[in-house]
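Below is one structure; the comments refer to it alone.
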Amino acid sequence: GTLRTTNDIKGLVIDLRFSDGTNYAAAMAVADLFVSKETPLLQIEEITLSSTAKSISLSLPAVVLVNRRTSSAAEALAAVLRHHNAALVI
């Protein structure tokens with residue numbers, strides 16, 4: 001047989017194992033891709049990071065991989081995606 005290649009994406013795996021980081025704004029920018037309405041995503045002290053309203057958001061089946069070493073901004077991203085039913089966290 002022949003190997004067919006395609007650019008059709010069927011799902012998404014986000015590997016956050018062993019990830020941390022302190023750039024919560026960047027993490028919430030990723031989460032924003034999955035949330036179609038404007039809503040608060042994360043509050044850090046007096047700062048609230050929110051998603052933006054948009055007509056098209058990512059609606060692919062998504063899985064987020066985490067482990068005991070996932071922390072900080074990566075952990076917040078996983079939690080927000082789970083909370084908004086945008087991804088299954090494993």
Side-chain angles (χ1 to χ4, degrees):
T2 61
L3 179 64
R4 293 187 330 150
T5 60
T6 179
N7 289 330
D8 293 337
I9 297 174
K10 304 291 186 205
L12 183 64
V13 176
I14 303 171
D15 189 353
L16 297 178
R17 296 173 297 167
F18 303 100
S19 298
D20 54 17
T22 58
N23 193 338
Y24 289 90
M28 293 308 103
V30 172
D32 179 45
L33 297 172
F34 292 86
V35 180
S36 61
K37 62 184 177 186
E38 182 176 348
T39 187
L41 298 175
L42 181 69
Q43 184 164 348
I44 303 171
E45 297 177 8
E46 301 89 34
I47 299 169
T48 300
L49 300 171
S50 299
S51 60
T52 57
K54 61 188 88 46
S55 59
I56 299 175
S57 61
L58 286 178
S59 61
L60 295 168
V63 172
V64 177
L65 303 177
V66 297
N67 62 11
R68 286 188 268 175
R69 304 272 306 271
T70 305
S71 64
S72 303
E75 186 175 18
L77 172 58
V80 168
L81 291 176
R82 179 174 183 249
H83 177 74
H84 287 278
N85 297 315
L88 173 64
V89 178
I90 298 175

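For the atom pair CZ (R82) and CG (L88), the distance works out to 9.0 Å, reported to the nearest 0.5 Å. Residue S50 holds its OG atom at 9.0 Å from CD of Q43, rounded to the nearest 0.5 Å. Taking OH of Y24 as the reference point, atom CG of L42 lies at 7.5 Å (rounded to 0.5 Å).
Summarising the geometry of H84 relative to P40, their closest heavy-atom pair is NE2-O, 4.3 Å, with the distance given to 0.1 Å. Listed here is the closest heavy atom pair of V89 and A78: CG2-O, 3.6 Å. Summarising the geometry of S51 relative to K37, their closest heavy-atom pair is OG-O, 2.6 Å, with the distance given to 0.1 Å. Considering every non-hydrogen atom in both F34 and A62, the closest pair reads CE2-CB, 4.2 Å.
Every residue was checked against the side-chain contact (heavy atoms from CB on, under 4.5 Å) condition with A29, not counting sequence neighbours, and none meets it. Here K54 pairs with D32 under the salt bridge (charged side-chain N to carboxylate O under 4.0 Å, His left out) rule; sequence neighbours left out. Residues satisfying the side chain to side chain donor-acceptor pair (under 3.5 Å) criterion with D15, sequence neighbours excluded, are R17. Take P61 and apply the side-chain contact (heavy atoms from CB on, under 4.5 Å) test, not counting sequence neighbours, and it matches no residue. Residues passing the side-chain contact (heavy atoms from CB on, under 4.5 Å) test with A74 are L16, S19, T70, sequence neighbours excluded.
Within the 4.5 Å cutoff, the side chain of N67 has no heavy atoms near those of the L65 side chain. When side chains are defined from C-beta on, M28 counts as touching V80, because their heavy atoms get closer than 4.5 Å.
In the hydrophobic clustering of ILVMFWY residues, with side-chain heavy atoms under 4.5 Å counting as a link, V64 and V30 come out together. The hydrophobic cluster containing L12 also contains L77, counting ILVMFWY residues as joined when their side-chain heavy atoms lie under 4.5 angstrom apart, directly or transitively.
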Checklist entry - Do I14 and L81 pass the side-chain contact (heavy atoms from CB on, under 4.5 Å) test, and can you show the C-alpha distance, the side-chain angles, and the key distance before you say yes or no? => result CA-CA 11 Å; I14 303 171; L81 291 176; 4.0 Å; yes

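For the pair S71 (side chain) and D20 (backbone), a donor-acceptor distance under 3.5 Å is absent.
Counting Ile, Leu, Val, Met, Phe, Trp and Tyr side chains that sit under 4.5 Å apart, directly or through other members, I56 stands alone, with no cluster partners.
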